[in-house]
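Note that the coordinates shown come from a computational prediction; the quantities given were computed from them, not determined experimentally. Here is how names work: the chains are called A, B, and so on, in the same order as the sequence lines, proteins then strands, and each is numbered from 1. These numbers come from the heavy atoms of this one structure, side chains and all, not from hydrogens, waters or symmetry mates.
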Amino acid sequence: MRLKDKIMSLIQEIKVNAAQVLNEIYEVEFPIDSIQVNDTKPEFVGDYTIVTFPFTKQTKQKPEEVAEQLGAALVAQNTIFTSYNVIKGFLNLEINATYFNEFLVAHFTNPSFGQSAQNGQKVMIEYSSPNTNKPIHFGHLRNIFLGFSLANILKETGYEVIKANLINDRGIHICKSMIAWMKEGNGATPTSTGIKGDHLVGDYYVLYNDLFKKELAVLVEQGIEKEVAEKQAPILLEAQELLRKWEANDEDTIRLWKTMNTWVYEGFDVTFKKLGVDFDQFYYESNTYLSGKEVALKGLQNNILYQKEDHSVWIDLEADGLDQKLLLRGDGTSVYMTQDIGTAILKYNDYKMDKSVYVIGDEQNYHMQVLKLILQKLQEPCADGIYHLSYGMVELPNGKMKSREGNVVDADDMVAEMTSIAQKNTEELGKVEGFTEEELLELYNTLGLGALKFYLLRVDPKKKMIFNPEESIDFHGFTGPFIQYTHARISSILRKANDIELKSVAIEMTAQEKGLLKQIEQFPNLLMQAATEYNPSLVCIYIFNLAKEYNSFLANHSILKADTNEQMIFRLQVSTLVKNVLAKGLKLLGINSPERM
RNA sequence: GGCCCUGUAGUUAAAUGGAUAUAACCAGCGUUUCCUAAACGCUAAUUCCAAGUUCGAUUCUUGGCAGGGCUACCA
C-alpha cells in the first residue's frame with residue numbers, strides 16, 4: 001500500500017475490502033454503502049467496527065458467525081488489519097500502526113491536506129442580503145457567518161463558488177427612513193454627526209416608527225378604529241407617496257434615496273470588513289424588481305399560469321399541496337415572488353451554476369418552496385439547483401429582536417463587546433507580555449471574533465438558538481478561543497523545536513497518538529460531509545474534538561522531553577499535523593489562528 | 001383550521017437504525033520541573049408522552065402534548 005497513491009479514506013477502504021470478502025465467502029453482492037463502519041467504542045479493543053447484523057438475512061448466518069469469518073478473512077488478506085475481535089454482531093478491527101505512520105509522513109508537511117480536487121461544479125451562495133434601512137444585527141450575523149463559512153467549505157471540497165449578496169435597497173422600508181430624515185433630520189449626515197452611515201439611517205427608521213405610533217395614538221383618541229388608523233396615519237401616507245415618487249423616477253426622491261443608501265453601504269463595508277467576510281457579486285433589488293414579469297407573461301401564454309377577471313395573474317399549486325399564488329397584480333405590477341423569480345433567472349444567466357444556495361431564515365421556508373416549484377413548472381433551467389439553506393432565528397431571552405423598536409443586539413456593538421471581553425481576559429491572565437500594542441489589538445479582535453463566529457456556527461443551522469448576551473459567550477470549553485488556544489500552544493512548542501529536523505522515524509505509537517492520527521485521517525471525509533449537508537457545525541464539532549484530544553495527549557505525553565529522540569520527532573510531526581488541521585478548520589469557519597495568545 | 005420545523009442531564013449542544021446515549025458550561029474534588037492552568041483528570045446528572053415497525057429506536061411510522069414559524073395584491 002502506497003500512501004501517495006491513496007485516494008480512498010480509511011473507512012472507504014474498509015468498506016471496499018469488506019464488500020469484496022463478503023462476496024467471496026457468501027457469493028452475495030453487498031453495495032459498498034450498505035456496509036456500516038463506525039469508530040470502535042473506547043471500551044473495546046479495535047479502531048473501527050463493522051456492524052454485521054444487516055448481513056444475516058442474505059448470508060443466512062448468525063451475526064457472530066458472519067463477523068468471525070469476515071474478520072478472519074480481512075486480517076488474512078490485507079495488512080492494514082492487524083487483529084479482530086467479535087462481540088455480539090460487532091466486528092472490531094485493529095488497524096496497523098504502519099498505516100498511520102505512513103499517513104503522518106505523507107501529510108504532516110502538506111498544507112493542502114483536506115482539500116479535494118476540483119469537481120467542475122459551480123455553486124452560488126447568496127447570503128447576508130440586508131435591507132438598507134437599518135444596520136446589521138445579531139440575527140444577520142448567523143446568516144453571514146453561515147454563508148461565508150459554507151463558501152469556504154465548498155471551495156475546499158472542489159467547487160467553484162460565487163458569493164452573492166442581494167441588497168434590498170428599495171421599497172417602503174427605506175422610504176420610511178427617508179421620510180423621517182426629511183422631517184427631523186435637519187440635514188444630518190454621517191460626517192456631520194459622526195454616526196456610522198447604516199446606524200444613522202437605522203436611527204431614522206426607529207424614529208419613523210415612533211412618529212407613526214404617536215400619530216396612531218392621536219387617531220385612536222379621535223375614535224378611529226385601530227386597524228383603520230394604521231392605514232391612515234399621515235406619515236405612512238407620506239412614505240407611500242415617496243415610494244410612488246421613487247417609482248416615477250422623481251429626481252429629488254432618487255437623489256435622497258441614493259444618498260442615504262450610500263451612507264448605508266459605507267457602513268456595511270466597514271462591518272463586512274470587520275467581520276472578515278466578502279462577496280464576489282452584488283445584486284440590487286432596485287435593478288431587478290421589475291424583472292420576472294416577462295417570465296410570468298410567458299407562463300400565462302403557455303397556460304402554466306392563469307388570469308383572473310381583474311387581470312391579476314396566478315399559479316395554482318394546490319395539486320402539490322400548496323396554495324394559489326399571485327404573481328402579477330391586477331395593474332400588472334410584480335410582487336415579491338415575481339421579483340425572486342426574475343432574480344433567480346438573472347443569476348443563472350450570469351453564471352450558469354449547478355447549484356444556487358440561498359441562506360435565508362426558516363420563516364421563509366414556504367416562500368422558497370413555492371419559488372422553486374414555480375420555476376420548475378415554468379421549466380426554467382435554474383430551478384432544480386435551488387437549495388434553501390434554512391436556519392433558525394436567533395432569539396433573545398425575552399423574545400425576538402425587532403429592529404423597528406430598536407430592540408436589537410447590533411452587530412457592530414457585539415463585535416466590540418466580544419473584543420473587549422477578549423482584552424479583559426487576556427489582561428487578567430497576564431498574557432500581554434511580548435506583544436506590541438498593535439499585535440494586542442489584532443489578537444483581541446481575533447479572539448473576540450473567533451468566539452462570536454464559533455458560537456453562531458457550532459449549532460446545526462436549522463435549529464433556532466437563544467442568545468443570552470450575559471451568559472452565553474464563553475472562552476472555555478466548546479468555543480473558538482479554546483481551539484485557538486490549542487493552536488497557539490502547539491505553535492509555541494514548534495517554535496521551540498524549529499531547529500530539529502523532522503525526518504521519518506519508526507516508533508511504537510501510544511494509543512492516544514494513534515487515536516489522534518485516526519481522527520485526522522477522517523478530516524477530508526468530514527469536510528465532504530459538511531459540504532454535502534451544507535453544515536459548518538460539523539467542522540466546529542470536529543475541530544473541537546481534535547483540540548480536546550490533543551490537549552489530553554499533551555497532558556499525558558512529553559514532547560520536548562520525550563524518552564527518545566525518535567519519539568520527540570514523531571510527536572512534533574503529529575503536533576504539526578494537528579496544528580495544520582486546526583488552523584484549516586478554523587479558517588473554513590472564517591476564524592483566524594493566533595501563533596501566540 | 002391547514003402546512004412546516006423543534007422537543008435529549010440544571011443550561012447549551014452531539015449521536016448515517018447499533019454496543020453501557022456523548023460533550024461542554026455550571027457544581028464538587030484534584031493536577032502546574034517539555035509547551036501557555038484560556039489546559040488536564042475525577043464525581044454527579046439526560047432521550048416530552050403513548051403505541052407501532054425492527055434482532056436492535058434519540059433516530060423511522062402513527063397519535064397525543066409543548067414551543068416556534070408560515071398560511072399578504074409587504075419585502
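- One can find a donor-acceptor pair under 3.5 Å joining the base of B:A19 and the side-chain atoms of A:N92.
- Taking the charged nitrogens against the carboxylate oxygens, A:K462 and A:D460 do have a contact shorter than 4.0 Å, which makes a salt bridge.
- For the C1' atoms, the distance from B:U16 to B:A57 is 14 Å, rounded to whole Å.
- Here B:G68 is the nucleotide among B:G68, B:C40, B:C34 with the atom lying nearest to any side-chain atom of A:K464.
- Across all strands shown, A:K462 has heavy atoms under 4.0 Å from sugar-phosphate atoms exclusively, and none from any base.
- At whole-Å resolution of the value, CD1 in A:I421 and P in B:A38 are 17 Å apart.
- Annotated stems with RNA chain B as a participant read B:1-7 with B:65-71, B:10-13 with B:22-25, B:27-31 with B:39-43, B:48-52 with B:60-64, given as range with range, by first number; only runs of 3 or more Watson-Crick or G-U pairs under 3.5 Å qualify.
- Listed candidates were B:U71, B:U33, B:A75. Nearest to the side chain of A:Q364 is B:A75.
- At a cut-off of 3.5 angstrom, counting only N and O atoms as typed in the model, there is no donor on one side facing an acceptor on the other between the side-chain of A:K463 and the base of B:A13.
- Of all heavy-atom pairs between A:L290 and A:S334, the closest is O-OG, 4.2 Å.
- Rounded to a whole angstrom, the distance from the C1' atom of B:U12 to that of B:C73 is 43 Å.
- A distance of about 15 Å separates the P atoms of B:U43 and B:C25, rounded to the whole Å.
- In this structure, A:F478 does not pack face-to-face on the six-membered ring of B:A23, missing the 5.5 Å centre cutoff or the 30° plane limit.
- Using a 4.0 Å heavy-atom cutoff across all strands shown, A:S552 reaches sugar-phosphate atoms only and no base atom.
- A heavy-atom distance below 4.0 Å to RNA chain B is reached by these residues of residues 524-544 of chain A, ordered by number: A:F544.
- Annotation: A:F53 is in aromatic contact with A:F90 [ring centroid separation under 6.0 Å].
- Distance alone, capped at 3.5 Å, is enough to place a donor-acceptor pair between the A:R571 side chain and the A:S558 backbone.
- Taking the C1' atoms as reference points, B:C48 lies 8 Å from B:A66, given to the whole Å.
- At the phosphate of B:A24, neither OP1 nor OP2 sits under 4.0 Å from any side-chain N or O atom of A:R458.
- Among the atoms of the strands shown, only primed sugar atoms or phosphate atoms (P, OP1, OP2) are found under 4.0 Å from some heavy atom of A:F482.
- The side chain of A:R596 sits closest to B:U36 out of B:U36, B:C34, B:C25.
- OP1 or OP2 of B:U36 has not a single side-chain nitrogen or oxygen of A:K431 nearer than 4.0 Å.
- Between A:L447 and A:V459, the residue anchored closer to the 5' end of RNA chain B is A:V459, taking for each the nucleotide with the nearest heavy atom.
- Using a 4.0 Å heavy-atom criterion, one finds that A:T426 contacts the bases of the nucleic acid, with or without backbone contacts as well.
- Relative orientation of the A:F478 and A:F544 rings is tilted, given thresholds of 30° and 60° on the angle between their planes.
- Listed pair A:N551 / B:C40 meets the phosphate criterion, a side-chain N or O lying under 4.0 Å from OP1 or OP2.
- Rounded to whole Å, the distance from CG on A:D323 to C1' on B:U71 is 6 Å.
- One P atom belongs to B:U58, the other to B:C49, and the distance between them is 11 Å to the nearest Å.
- Of the side-chain N and O atoms in A:Y485, one or more sit less than 4.0 angstrom from OP1 or OP2 of B:A38.
- Using a 4.0 Å cut-off between charged side-chain N and carboxylate O, A:K62 and A:E68 make no salt bridge.
- A salt bridge between A:R244 and A:E247 is absent, with no side-chain N of the basic residue lying under 4.0 Å from a carboxylate O of the acidic one.
- Residue contacts for A:D310: at a heavy-atom cut-off of 4.0 Å it reaches a base atom on one of the strands shown.
- The residue A:L328 sits apart from the nucleic acid: no heavy atom pair falls under 4.0 Å.
- Here the C1' atom of nucleotide B:G18 and the CD1 atom of A:I35 are 16 Å apart, to the nearest Å.
- Within the 6.0 Å centre-distance limit, the rings of A:F30 and A:F55 are counted as a close aromatic pair.
- The side chain of A:F475 has B:A38 as its nearest neighbour among B:A75, B:A38, B:C73.
- Annotation for A:K60: atom NZ does not count as buried by contact number, only 12 or fewer foreign heavy atoms lying within 6.0 Å.
- As rounded to whole Å, 15 Å separates atom P of B:C3 from atom CG of A:D320.
- Although no hydrogens or angles enter the test, the distance criterion places a donor-acceptor pair under 3.5 Å between the side chain of A:N209 and the main chain of A:Y205.
- Straight-line distance from the OH atom of A:Y48 to the C1' atom of B:G18: 17 Å, rounded to whole Å.
- Using a 30° and 60° split on the angle between ring planes, A:F282 and A:Y284 fall in the parallel class, below 30°.
- Comment: A:D316 does not engage A:K325 in a salt bridge, judged by the lack of any side-chain N to carboxylate O separation of less than 4.0 angstrom.
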Enumerate the protein-to-nucleotides 53-56 of chain B contacts in which both atoms are nitrogen or oxygen and the separation is below 3.5 Å.
none

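- Closest to the A:M465 side chain, of the nucleotides B:A13, B:C34, B:C4, is B:A13.
- Distance check on atom C1': B:A23 versus B:C40 gives 15 Å, rounded to whole Å.
- Rounded to an integer number of Å, the gap from A:F454 CZ to B:A38 C1' is 14 Å.
- An OP1 or OP2 oxygen of B:A39 is reached within less than 4.0 angstrom by a side-chain nitrogen or oxygen of A:H476.
- Nucleic acid contact for A:M597: base, since at least one base atom lies under 4.0 Å from a heavy atom of the residue.
- Base engagement by A:K41 is indicated by at least one non-hydrogen atom pair under 4.0 Å involving a base atom.
- When ring centroids are compared, A:F553 and A:Y550 come within the 6.0 Å threshold.
- No donor-acceptor pair closer than 3.5 Å links the side chain of A:H137 to the backbone N or O of A:K134.
- Within the 4.0 angstrom heavy-atom criterion, base atoms lie near A:H557.
- Rounded to whole Å, the separation between the P atoms of B:A39 and B:C26 comes to 9 Å.
- Regarding A:M568, its CE atom lies at a distance of 13 Å from the C1' atom of B:C35, rounded to whole Å.
- Residue A:K496 contributes atom NZ, which lies 12 Å from atom C1' of B:U33 at whole-angstrom precision.
- Atom C1' of B:G7 sits at a distance of 15 Å from the matching atom of B:A14, rounded to the whole Å.
- Nucleic acid contact for A:L322: none, since no nucleic acid atom lies under 4.0 Å from a heavy atom of the residue.
- Within 4.0 Å of A:N38, counting heavy atoms only, lies at least one base atom of the nucleic acid.
- Minimum atom distance to the side chain of A:K88 is reached by B:U20, of the listed B:C73, B:U20, B:A75.
- With distances taken from any side-chain atom of A:R489 to the nucleotides B:A14, B:A37, B:C40, the minimum falls on B:A37.
- Under the 4.5 Å side-chain criterion, counting only non-hydrogen atoms from C-beta, A:L582 is in contact with A:L546.
- Distances shown here put a side-chain N or O of A:R329 below 4.0 Å from the OP1 or OP2 atom of B:C74.
- The closest donor-acceptor contact from the side chain of A:Y542 to the backbone of A:Q519 lies under 3.5 Å.
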